[in-house]
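One structure below.
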Amino acid sequence: MSSTTTRKTLLSGSRPTGRQHLGNYVGALAQWIPMQDDHDCFFMIADWHALTNNYNDTSSLPENIQYQVLDWMAVGLDPERATIFVQSAVKEHAELSLLLGMFTPLGLAERCTSWKDLVIEQGLEEMRTYGFLGYPVLQSADILMYQAHVVPVGKDQVEHIEKCQDLAQKVNVRYGEVFRIPQWKLSHAPVLLGNDGRKMSKSYNNCIYISESSEEMWDKIRVMVTDPARIRKTDPGNPEKCSVWDYHKVFTDDSRHGEIVENCTTAGWGCMQCKKVLFEAIDAHFAPARERRAAHEKQPGLWKDVLMEGNRKARERAQATMSVVREKLHLYPSNGSE
Ligand code: SF4
């Protein structure tokens, strides 16, 4: 694509958690899909990052990667327009992480919020590892490897991009223009709760998955926790205290929002009716994804081919970056021939 060279490079990714739920969709995928139109996108399945807190059992990784790629493609990440790849298939990430580690003061790593939270405050001994302490450095390597202009992040991730910028600056000041300084693009995506009203998480068994059938989706939506004040159908409710309303704001057409608020606050309808409206909106929203997924599943090797090509493209870009890094840092082979 001729415009690729003039487009800004974007890097984003997530750990291989397997089947993607509506929280993954709203928080990341729905943001990434339109960015493919005007960015040179690299979407990474961060399998090494998955090991930082899950190093004792990696058996689910292959299946999770497969499901993740299938879901990503189903909702509209397009391997023809974006590079979808697996972090561990591009070994240069490990090399760059090692090098950036040399530039990382221990204090900087220890000030990371997740380290302070899990290791210092909660005292989780199993997290007191070299790998977990260093994961922001690996994350910096992921970003700098692609000379990314833009990294879409949630508010809690901004500190990591700032650390990445600091590291890149530090290297650039000493060794010349090695890295592009990446900028973050703050996402204002709403957070959707699980159907039991808690944080949406596989471990709570409260997720609604993108790949579920209409029937499965309805089974989960109809038992969603609502405003506790609505004990009887005649009790008026407050949408702001109900996670069903949070979903409506994302999936139901804006033209119906007034009707939903009115019917909730005046007890004009029961919660089941309200959930029916929501179900119809979600079901229609994911109908094209279901069709795409069904078509992709007829080609069993497709997800592997997509990753193979994505890994190849990512590796090419990574090798170009590492040639520059090695040369600028006077590392072997310093003459650029390998
Ligand atoms: S009517 Fe709808 S918004 Fe109001 S409490 Fe029930 S489910 Fe929630």
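The first residue in the sequence is number 1, and the count goes up from there. As the structure lists them, so they are numbered: ligands from 1, and atoms in each ligand from 1. Quantities reported herein were computed from a predicted structural model and do not represent experimental measurements.
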Cation-pi check, Lys155 onto Trp184 ring (under 6.0 Å, within 45° of axis): no
Distance under 6.0 Å and angle within 45° of the ring axis: does Arg317 meet both against Tyr146? no
Atom 8 (Fe) of ligand 1 to nearest N/O/S of Cys274 less than 2.8 Å: no
Under a 4.0 Å N-O cut-off, is there an ion pair linking Asp283 with Arg290? yes
With the threshold set at 4.0 Å, does a side-chain nitrogen-carboxylate oxygen contact exist between Lys91 and Glu95? no
More than 12 heavy atoms of other groups within 6.0 Å of Lys249 NZ: yes
Please find out if atom 6 (Fe) of ligand 1 and some N, O or S atom of Cys271 are separated by less than 2.8 Å. yes
Taking [atom] as the reference point, the nearest protein heavy atom with its distance:
atom                    : answer
atom 7 (S) of ligand 1  : Thr226 CG2, 3.5 Å
atom 8 (Fe) of ligand 1 : Cys242 SG, 2.4 Å
atom 4 (Fe) of ligand 1 : Cys264 SG, 2.3 Å

Geometric class of the His257/Trp245 ring pair [parallel <30°, tilted 30-60°, perpendicular >60°]: perpendicular
Atoms in ligand 1 flagged as close to [X], the criterion being non-hydrogen separation under 4.0 Å:
X      : result
Trp269 : 1 (S)
Val244 : 7 (S)
Asp227 : 5 (S)

Determine the sole option in Phe42, Tyr25, Trp72 for which the ring pair (Phe, Tyr, Trp, His ring centres under 6.0 Å) test with Trp32 is passed. Trp72
Can you tell me if Arg230 contacts ligand 1 (heavy atom of the residue under 4.0 Å from the ligand)? yes
